[in-house]
Q: 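Pasting a structure below so you can have a look.
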Amino acid sequence: MAEARNWLAFRRQIPQNQVKSNYLEYLLWVRISTTKGASQAMTSLKKKTLSLAVLALAAMVAVPVYVRHSVDKFIFTEIDQVENKAFAIVLGAAIENNNEPGSYLKYRLNDALALFEAGRIEKILLSGDNSTKSHDEISVMNNYLIRNGIPQDKIYGDYAGFDTYSTMERASKIFEIDNAIVVSQGFHLPRAVYIARQKGINATGYATKTSYGKIRYFLRENMAILKSWIDCLINREAKFYGAKIDTNKSSNIILEQL
C-alpha cells in the first residue's frame with residue numbers, strides 16, 4: 001500500500017507522455033516482487049515441512065529403540081528368572097465367538113497359571129474390554145482360570161482396561177497395585193512394562209511367546225510405543241476411573257456375567 005502511494009506521488013511529478021511507460025514499469029516491478037516473495041514463502045514452507053517429516057521419522061525410530069532398551073532388563077522368558085510379586089496383570093486380547101480365549105489370550109492366561117502355580121504371584125488382575133455386554137473379555141478370562149484351578153478370591157477384574165495405558169493407569173490409581181508381573185506377548189511387553197513403571201508400578205514382564213508373528217504387528221507396535229511414550233509424557237488420563245477397588249478384600253469379579 002505504501003509503495004502504491006509513493007508511486008502516485010511520483011506520477012504527479014513526471015510529464016504526461018512518460019506516465020504510461022513508468023506505470024508499466026511499476027506493474028512489472030510489483031509482479032516481480034510478489035512472485036519473488038511467494039517463491040521465498042513456498043521455499044520456507046517446504047523446508048519446514050521437510051524438517052518436521054525428518055523429526056517425525058527420527059522419533060518413530062528412536063523412541064521404540066529407547067523404550068525397549070530401557071525395560072529390557074525387566075523382561076523374562078524363563079519362570080525361574082522372575083522375582084516374586086504380589087500381582088500378575090494379564091492384558092486382554094481377542095476372544096472367540098464361543099466365549100473362549102483366542103490364541104494370544106490363551107498364551108497369556110497359561111503364563112499367569114504357571115506363575116501362580118510356581119508361587120511367583122499371589123493374585124491376578126485381569127484387564128480387558130467390557131464396554132458392551134456382548135464383548136466380555138474379563139468373564140472369558142476368569143472362566144478359563146477358574147477351570148484351571150485358580151481360586152476365585154485370587155482374581156480381580158479391570159472392566160475398563162480399554163487400552164494398555166488405561167490398564168496401567170488404573171492398576172496404579174484404582175487397584176493401588178505397586179508391585180506386579182505384566183503378562184502378555186513378548187512384542188507387547190516393552191510397551192506395557194514401560195507404561196507400568198512410568199505409573200509407579202515396580203513391574204517386570206513375563207512371556208513364553210516372544211515372536212512378533214506377522215510383520216504388520218511389529219510396525220503397529222512401533223507406532224503404539226510412540227503413542228504410549230507421548231501419553232506418559234503428557235500424563236494422559238485413562239478413559240474411565242471410578243471408585244477404588246480394595247484388593248485386600250474379596251474379588252470384584254461380577255459373577256452374574258459369567
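This is a predicted model, so every value here is computed, not measured.
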Q: Could you state whether Leu233 and Val65 fall into the same hydrophobic cluster, counting links through intermediate Ile, Leu, Val, Met, Phe, Trp or Tyr residues with side-chain heavy atoms under 4.5 angstrom apart?
A: no
Q: With distance as the sole test, does Thr167 use its side chain to make a donor-acceptor pair with the main-chain N or O of Asp163 at under 3.5 Å?
A: yes
Q: Between Lys123 and Ile155, does a side chain to side chain contact (heavy atoms under 4.5 Å, CB included) hold up when you go through it step by step?
A: CA-CA 6 Å; Lys123 301 175 183 179; Ile155 307 173; over 6 Å; no
Q: Is the backbone N or O of Tyr104 less than 3.5 Å from a side-chain atom of Gln185, with the two atoms forming a donor-acceptor pair by type?
A: yes
Q: How long is the straight-line distance from CD1 of Ile195 back to OH of Tyr165, given to the nearest 0.5 Å?
A: 8.0 Å
Q: Taking CG in Asn98 as the centre, count heavy atoms belonging to other residues, nucleotides or ligands within less than 6.0 Å. Is the count above 12?
A: yes
Q: Please tell me whether Arg68 and Asn222 have a donor and an acceptor in their side chains that are separated by less than 3.5 angstrom.
A: yes
Q: Would you say that more than 12 heavy atoms from the other residues, nucleotides or ligands in this model lie under 6.0 Å from the OH of Tyr107, or not?
A: no
Q: Could you tell me if the side chain of Arg197 sits less than 4.5 Å from the side chain of Val193, heavy atoms only?
A: yes
Q: Is there a side-chain contact between Glu176 and Thr247, using heavy atoms and a 4.5 Å cut-off?
A: no
Q: Going from CG on Asp153 to NZ on Lys249, what distance comes out if it is rounded to the nearest 0.5 angstrom?
A: 15.0 Å
Q: Find the distance between CG (Asn143) and CD1 (Ile138) and round it off to the nearest 0.5 Å.
A: 11.5 Å
Q: Determine, stepwise, if the pair Ile253 / Tyr156 fulfils side chain to side chain contact (heavy atoms under 4.5 Å, CB included).
A: CA-CA 6 Å; Ile253 295 291; Tyr156 294 82; 5.8 Å; no
Q: Start with the C-alpha gap between Glu100 and Arg147, add the side-chain angles, then the distance that decides, and say whether salt bridge (Lys or Arg N to Asp or Glu O under 4.0 Å) holds.
A: CA-CA 12 Å; Glu100 289 294 321; Arg147 290 201 306 266; 3.0 Å; yes
Q: Ignoring hydrogens and angles, tell me if any N or O in the side chain of Ser70 forms a donor-acceptor pair with the backbone of Val67 under 3.5 Å.
A: yes
Q: To the closest 0.5 Å, what do you measure between CZ (Phe162) and CD (Glu137)?
A: 10.0 Å
Q: How long is the straight-line distance from OH of Tyr66 back to OH of Tyr194, given to the nearest 0.5 Å?
A: 4.5 Å
Q: Does the side chain of Leu115 come within less than 4.5 Å of Tyr206's, by heavy atoms?
A: yes
Q: For residues Ile79 and Ala114, report the shortest heavy-atom separation together with the two atoms involved.
A: CD1-O, 3.3 Å
Q: Any non-hydrogen side-chain atom of Lys154 less than 4.5 Å from a side-chain atom of Glu122?
A: no
Q: Go through the steps for Gln198 and Asn235 under the test side chain to side chain donor-acceptor pair (under 3.5 Å), then give the verdict.
A: CA-CA 9 Å; Gln198 289 293 309; Asn235 197 26; over 6 Å; no
Q: Which pair of non-hydrogen atoms, one from Ser184 and one from Ala207, has the smallest distance, and what is that distance?
A: O-CB, 2.8 Å
Q: Would you give the length of the straight line joining atom CG of Leu91 to atom NE2 of His188, rounded to the nearest 0.5 angstrom?
A: 5.5 Å
Q: Pairs in or reaching into residues 69-91: which pass salt bridge (Lys or Arg N to Asp or Glu O under 4.0 Å), with residues at least two apart or in two chains?
A: none
Q: Do Ile75 and Thr204 make a side-chain contact, defined as non-hydrogen atoms from C-beta onward lying under 4.5 Å apart?
A: no
Q: Does Arg170 make a cation-pi contact with Tyr241 (under 6.0 Å, within 45 degrees of the axis)?
A: no
Q: With a 4.5 Å cut-off on side-chain heavy atoms, are Leu125 and Asp158 touching?
A: yes
Q: Linking I/L/V/M/F/W/Y whenever any side-chain heavy atoms sit under 4.5 Å apart, do Ile146 and Ile95 land together?
A: yes
Q: What's the shortest heavy-atom distance between Gly92 and Arg108, and which atoms?
A: O-NH1, 2.9 Å
Q: Closest approach of Ala160 and Phe240, non-hydrogen atoms and distance?
A: CB-CD2, 3.9 Å
Q: Dump the intermediate steps for side chain to side chain contact (heavy atoms under 4.5 Å, CB included) on Ser127 and Tyr159, then the final yes or no.
A: CA-CA 6 Å; Ser127 180; Tyr159 291 88; over 6 Å; no
Q: Would you sort out whether Ile121 and Ile181 count as a side chain to side chain contact (heavy atoms under 4.5 Å, CB included), showing the intermediate values?
A: CA-CA 8 Å; Ile121 55 172; Ile181 301 171; 3.7 Å; yes
Q: Return the minimal non-hydrogen interatomic distance between Pro101 and Glu96, and the atom names on each side.
A: O-CG, 3.9 Å
Q: Indicate the atoms forming the closest heavy-atom contact of Asn148 with Leu113, along with that distance.
A: CB-CD1, 3.6 Å
